[in-house]
Amino acid sequence: MSAMTNNLLSKALVLASALTLVYFTLFIGDDIANNLQDIWQLISGKADKYQSIVVWQWRASRLFSAIIIGAALGISGAVFQSLVRNPLGSPDITGFNVGAFTGVLIAIALFGNIYWYSVVGAIIGGLCAAILVYLFAYRNGHSGFRLIIVGIAISATLTAFNQWLSLTVSLETAMTAALWSAGSLNGMTWLRIMPATLLIVALMGLALLLNTRMKLLEMGDDTAAALGISVNKTRLIIMLIGVSLTAVATAITGPISFISLAAPQIARRLHPQKHITLVGSALVGALLLMSADFIAQHSMQDATLPVGLVTISLGGLYLVYLIIREGK
């Protein structure tokens with residue numbers, strides 16, 4: 001009963017935090033909503049045109065972007081941590097964000113700063129980085145530790161290549177790529193986020209369909225094979241889904257660290273079971289990115305920080321904590 005009560009309290013706390021963030025993100029601000037009557041007018045469509053545009057076109061689209069991208073990163077992190085059975089096995093550590101950045105740099109260098117070319121370049125770059133990690137880590141199967149080590153090596157190599165490429169392209173191209181690499185939800189509109197949302201929802205649905213097989217893989221390759229699972233084929237499919245989620249999210253906003261690293265671990269502590277839960281990871285990922293974006297918008301009075309700067313600052317502290325805990 002105590003465990004069930006703690007579980008319900010944890011879920012209630014997450015829900016209350018999410019609703020509070022939604023309220024503050026949408027309605028708090030000068031000349032937006034000063035009381036409940038103003039909020040009701042905004043909800044009922046009777047508010048001033050300027051207020052409606054600010055809330056429903058600008059703020060709501062940015063809030064929705066944080067929710068859907070945070071959920072995608074949370075599930076992606078859960079997928080990889082489940083596959084490698086290690087809390088460090090997230091896309092942040094294994095270099096898929098860096099691969100997406102490489103794809104954007106090449107796309108900008110070849111075609112200029114065209115939004116959808118950058119999106120496609122990021123997706124291709126992330127997938128190519130995953131393929132390299134998968135091939136170099138294969139030794140009659142895959143071990144979680146080897147995937148992490150190879151991922152770190154590929155990430156370091158791609159980082160060096162990105163720095164060289166940034167020095168060889170024009171100053172305008174390098175500045176555009178640098179702004180994208182900071183990771184930001186600035187300028188997110190319904191037109192930009194909706195196509196990505198459709199793809200993200202489809203990928204999350206596929207991940208949920210393969211959730212049972214993913215749990216069997218957590219039990220070990222031999223056990224999964226004994227239960228009729230094609231281990232290498234299943235791992236490859238699940239890995240591609242996880243990489244695609246990271247690549248699509250990164251393509252839209254730039255690399256946002258920490259979310260896919262922390263969300264599955266926090267969700268596991270809130271849910272009384274040993275397996276990593278995909279739905280819980282998605283919810284926690286959305287809440288984390290909403291929180292980070294709120295901090296990015298309001299931590300400085302006259303400027304809005306890139307949300308990637310906030311998440312990577314928090315992520316660095318969390319990574320140190322994970323390394324210390326794993327070393328014990």
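The basis for the numbers below is simple: all heavy atoms, side chains too, and nothing from hydrogens, waters or symmetry mates.
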Of all heavy-atom pairs linking Val243 and Ala130, the shortest is CG2-CB, 3.3 Å
> What about Leu289 and Ile266, same hydrophobic cluster or not, with Ile/Leu/Val/Met/Phe/Trp/Tyr joined at side-chain heavy-atom distances under 4.5 Å?
Replying inline: yes
Distance col, row Phe101:CZ vs Ser155:OG, nearest 0.5 angstrom, shows 12.0 Å
To the nearest 0.5 Å, atom CG of Leu309 lies from atom CD1 of Ile312 at 8.0 Å
Kindly work out whether a path of hydrophobic side-chain contacts (I/L/V/M/F/W/Y, heavy atoms less than 4.5 Å apart) joins Val79 to Met239. yes
Give the ring-plane orientation class for Trp190 versus Phe64, where under 30° counts as parallel, over 60° as perpendicular and anything between as tilted.
tilted
- Counting only N and O atoms by type, is there a donor-acceptor contact under 3.5 Å from the side chain of Ser281 to the main-chain atoms of Ile75? no
Exercise for review: Give the intermediate values and the outcome of side-chain contact (heavy atoms from CB on, under 4.5 Å) for residues Arg213 and Leu210.
Suggested key: CA-CA 5 Å; Arg213 296 192 176 194; Leu210 294 171; 4.1 Å; yes
Establish whether Ile67 and Leu191 are linked, either directly or via other cluster members, by ILVMFWY side-chain heavy-atom contacts under 4.5 Å. no
Query raised in the report: Can Val120 be reached from Leu245 by stepping across I, L, V, M, F, W or Y side chains whose heavy atoms are under 4.5 Å apart?
Result: no
In this structure, CG of Leu105 is separated from CG of Asn162 (nearest 0.5 Å) by 5.0 Å
Donor-acceptor contact below 3.5 Å, side chain Ser65 vs main chain Ser61 = yes
Applying side-chain contact (heavy atoms from CB on, under 4.5 Å) to Trp58 and not counting sequence neighbours gives Ile53, Val54
**Message:** Ring-plane angle category for Phe294 and Phe24, please: parallel below 30°, perpendicular beyond 60°, tilted otherwise.
**Reply:** perpendicular
Exercise. Judged by atom type as modelled, is there a donor-acceptor pair below 3.5 Å linking the side chain of Arg62 to the main-chain atoms of Met188?
Worked result: no
Same cluster (ILVMFWY, side-chain, under 4.5 Å), Ile124 and Phe96:
no
Q. Is there a donor-acceptor contact under 3.5 Å from the side chain of Gln81 to the main chain of Pro264?
A. no
Exercise for review: Apply side-chain contact (heavy atoms from CB on, under 4.5 Å) to Val22 and Thr25, showing your working.
Suggested key: CA-CA 5 Å; Val22 169; Thr25 301; 5.9 Å; no
Q. Going through the checks in order, is the side-chain contact (heavy atoms from CB on, under 4.5 Å) test met by Thr277 and Arg268?
A. CA-CA 7 Å; Thr277 167; Arg268 174 179 278 179; over 6 Å; no
Heavy atoms of Val55 and Leu26 approach each other most closely as CG2-O, 3.6 Å
Using modelled atom types only, decide if a donor and an acceptor are shared between the side chain of Thr311 and the backbone of Ser257 within a distance under 3.5 Å. yes
- Task: Report the C-alpha distance between Asn211 and Val279 in whole Å, list the side-chain angles of each, state the deciding distance to 0.1 Å, and finish with yes or no for side-chain contact (heavy atoms from CB on, under 4.5 Å).
- Result: CA-CA 10 Å; Asn211 191 28; Val279 175; over 6 Å; no
When rounded to the nearest 0.5 Å, the distance separating CE of Met214 from CG of Leu208 is 9.0 Å
Between the CG atom in Leu165 and the CG atom in Leu158, the distance rounded to the nearest 0.5 Å is 11.5 Å
In this structure, CG of Asp293 is separated from NE2 of His298 (nearest 0.5 Å) by 8.5 Å
From the list Val248, Ile200, Leu203, Thr246, side-chain contact (heavy atoms from CB on, under 4.5 Å) with Ser76 holds only for Thr246
